[in-house]
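Computed from heavy atoms alone, side chains included, the values below leave out hydrogens, waters and symmetry copies. Order of the sequence lines sets the chain letters (A, B, ...), proteins ahead of strands, with each chain counted from 1.
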There are 2 protein chains.
Amino acid sequence: MARERKFTKKKLYETTKNTLLQHNYNGFTISKVADELNVSRGNIYKYFDNKEELITEYMLYEMEKFLVELKDINKYRGFHAQFDFLLDVILEDNETHQVRGMVFHVPAINRQVKNNLERLKELHQDMYKYLQDFVNLGRQEGILRDSIPDGLILGFIFQTVDIPNHFNIPEEKWKTSIKEIIRHGMFT
Amino acid sequence: MARERKFTKKKLYETTKNTLLQHNYNGFTISKVADELNVSRGNIYKYFDNKEELITEYMLYEMEKFLVELKDINKYRGFHAQFDFLLDVILEDNETHQVRGMVFHVPAINRQVKNNLERLKELHQDMYKYLQDFVNLGRQEGILRDSIPDGLILGFIFQTVDIPNHFNIPEEKWKTSIKEIIRHGMFT
DNA sequence: TACCAAAGTGACACAGGTGTCAATCATATC
DNA sequence: GATATGATTGACACCTGTGTCACTTTGGTA
């Protein structure tokens with residue numbers, strides 16, 4: 001029918017993610033993405049009207065992927081098993097969670113972007129429902145400290161997985177240490 | 001002698017800090033700072049040749065202030081007392097620590113900025129000396145878990161104080177919960 | 001092999017930020 | 001009141017990124 005595309009949607013999203021991680025929302029430009037893909041800027045505008053649409057659509061893609069994974073948390077019985085699963089999932093692609101925080105920087109410049117942002121908000125609420133069930137289970141089983149408010153429990157988990165591994169501690173050691181520190185802190 | 005200034009250096013630094021927090025390094029512009037101060041852009045260039053100089057000099061100002069506070073850690077005897085002091089200091093102006101992370105985005109565009117960045121690196125190392133002594137003390141006193149590597153201990157503390165308080169938990173409750181969770185985790 | 005639809009390009013006008021500088025303004029001091 | 005000095009401003013030229021669009025390229029199909 002027509003010419004072959006120089007990049008797939010997946011490759012484009014991957015580049016979007018890397019560019020966001022490297023330069024943050026404000027340093028993100030279509031030019032950088034185009035350069036990275038060895039493609040002209042105009043080409044990208046064939047698929048996305050502006051960078052806000054590209055970014056929000058990439059975010060929807062990531063968020064939907066994450067929710068599919070997260071749903072499996074209910075396959076696990078007991079809080080301890082769910083905790084282990086959740087941490088594995090989050091640690092696996094913690095980069096995604098860094099990107100998620102940038103949502104607040106995206107201005108709703110038009111109807112399309114506005115819709116995407118609203119849909120993202122919905123997905124975010126879905127995510128919180130699963131996580132809240134998880135926290136409730138922990139409370140029921142008497143595993144989570146009563147003195148720590150719900151808002152801090154989840155904030156704590158998401159913040160902890162983003163600790164930069166500056167000293168390049170090996171991945172397995174890193175993961176088990178992170179879990180241990182979340183469970184029992186750093187004091188003996 | 002001459003006309004009165006429309007803003008003090010302190011006020012300028014304060015605005016710089018707020019603008020950085022709100023827009024990140026890449027969204028930071030001299031225009032925004034000037035607007036905030038109700039002053040013309042050109043006026044700010046009388047005191048700083050470019051935004052990199054403004055930002056790095058502001059960072060030096062904050063870092064020096066922080067180090068003066070941090071030095072007092074040695075007035076406290078025993079790891080528990082030092083831990084309590086350190087967390088109070090960091091939680092007090094945790095915004096400053098968010099800004100510190102932006103150092104890596106500042107390009108060394110000229111000699112002056114390069115010097116500032118080098119000086120910042122030195123101060124950062126000074127800071128780490130104090131913190132490493134603190135960690136060593138915790139190890140000596142057998143309070144810190146052996147299984148958790150040094151690199152994670154400090155990363156953990158700095159990351160934890162940046163947890164966003166989305167649910168507006170009252171400050172005192174927040175602080176004590178943060179300390180508790182760092183000390184003993186969220187499991188019973 | 002000629003066609004044509006989708007993929008891709010580069011040039012254009014525009015928007016906003018940068019850094020400079022001559023001109024203007026405010027005020028302490030004489 | 002005149003004056004000198006430092007503060008402040010706004011206009012200028014430049015740069016980078018944006019979004020658009022007419023045009024070119026590619027390759028499957030009639």
Side-chain angles (χ1 to χ4, degrees), chain A residues 1-16 18-58 102 105-116, chain B residues 1-16 18-58 102 105-116:
Chain A
M1 210 52 161
R3 192 173 173 175
E4 196 186 2
R5 289 198 185 180
K6 290 182 77 179
F7 58 92
T8 62
K9 188 153 276 198
K10 202 177 165 193
K11 186 80 189 137
L12 173 59
Y13 284 161
E14 200 184 308
T15 308
T16 301
N18 292 335
T19 309
L20 277 173
L21 285 171
Q22 219 176 332
H23 303 281
N24 274 326
Y25 177 75
N26 282 299
F28 182 97
T29 64
I30 297 283
S31 307
K32 280 174 187 143
V33 172
D35 280 358
E36 194 62 38
L37 291 168
N38 291 310
V39 140
S40 73
R41 222 162 38 79
N43 193 359
I44 291 180
Y45 282 98
K46 277 272 152 61
Y47 307 98
F48 294 90
D49 285 351
N50 48 61
K51 74 170 183 168
E52 285 75 18
E53 278 181 35
L54 170 56
I55 290 174
T56 53
E57 257 155 70
Y58 154 69
M102 300 180 194
H105 286 291
V106 185
I109 56 161
N110 64 29
R111 167 93 5 244
Q112 177 64 30
V113 173
K114 205 170 175 180
N115 283 345
N116 288 348
Chain B
M1 210 52 161
R3 196 170 170 177
E4 197 185 2
R5 288 196 185 180
K6 288 182 80 179
F7 59 91
T8 61
K9 186 154 275 197
K10 201 176 166 193
K11 186 80 189 137
L12 173 59
Y13 284 159
E14 200 183 309
T15 308
T16 301
N18 292 335
T19 308
L20 279 173
L21 285 170
Q22 217 175 335
H23 303 281
N24 274 326
Y25 177 75
N26 283 300
F28 181 98
T29 64
I30 297 282
S31 306
K32 281 173 187 143
V33 173
D35 281 359
E36 194 62 38
L37 291 169
N38 292 310
V39 140
S40 74
R41 222 163 37 78
N43 194 357
I44 292 179
Y45 281 97
K46 275 278 149 57
Y47 305 100
F48 293 91
D49 284 352
N50 49 59
K51 76 170 181 166
E52 285 76 17
E53 279 182 36
L54 170 57
I55 290 173
T56 52
E57 258 157 67
Y58 153 69
M102 300 180 194
H105 286 292
V106 184
I109 56 162
N110 64 28
R111 168 99 354 249
Q112 177 64 32
V113 173
K114 206 170 174 182
N115 283 345
N116 289 348

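Listed here is the closest heavy atom pair of Ser31(A) and Arg41(A): OG-CD, 3.3 Å. Shortest non-hydrogen contact noted between Glu57(B) and Phe48(B) is OE1-CE2, 3.4 Å. In terms of heavy-atom proximity, Glu52(B) sits nearest to Tyr25(B) at OE2-OH, 3.2 Å. Taking all atoms of both residues into account, the shortest heavy-atom contact from Asn38(A) to Lys6(A) is O-NZ, 3.2 Å.
Rounded to whole Å, atom C1' of dA7(C) lies 14 Å from atom CG of Leu12(A). Spacing between atom CG of Asp35(A) and atom P of dG17(D) amounts to 9 Å, rounded to whole angstrom units. Spacing between atom NE2 of His23(A) and atom C1' of dG17(D) amounts to 14 Å, rounded to whole angstrom units. We find that CD1 of Ile109(A) is positioned 14 Å from C1' of dG17(D), with the value rounded to whole Å. When rounded to the nearest whole Å, the span between CG of Asn38(A) and P of dG8(C) equals 12 Å. In this structure, CG of Asn43(B) is placed 15 Å from P of dC25(C), rounded to the nearest angstrom. Taking atom CG of Leu37(A) as the reference point, atom C1' of dA7(C) lies 14 Å away to the nearest angstrom. With rounding to whole Å, Asn26(A) atom CG is found 15 Å from dT16(D) atom C1'.
Proximity of residues 44-58 of chain A to DNA chain C (heavy atom under 4.0 angstrom from any strand atom) is restricted to Lys46(A), Tyr47(A).
Between Thr19(B) and the options Leu21(B), Thr15(B), Thr16(B), a side chain to side chain contact (heavy atoms under 4.5 Å, CB included) holds for only Thr15(B).
Backbone-only contact: Thr29(A) has heavy atoms under 4.0 Å from sugar-phosphate atoms and none from a base. Counting non-hydrogen atoms under 4.0 angstrom, Ser40(A) reaches a base of the nucleic acid.
Nucleotides of DNA chain D nearest to Glu4(A) and Arg5(B) differ in position, and the one nearer the 5' end is that of Arg5(B). Mapping Arg41(B) and Phe7(B) onto DNA chain D by nearest heavy atom places Phe7(B) closer to the 5' end of the strand.
Side-chain atoms of Asn116(A) and Glu53(A) form no donor-acceptor pair, as typed in the model, at a separation below 3.5 Å.
Using modelled atom types, one side-chain atom of Lys32(B) and one backbone atom of Gly27(B) make a donor-acceptor pair closer than 3.5 Å.
For the pair Ser31(A) and dT16(D), the criterion of a side-chain N or O lying under 4.0 Å from OP1 or OP2 is not met.
Remark: the Arg3(B) side chain and the dT27(C) base include no donor-acceptor N/O pair separated by less than 3.5 Å.
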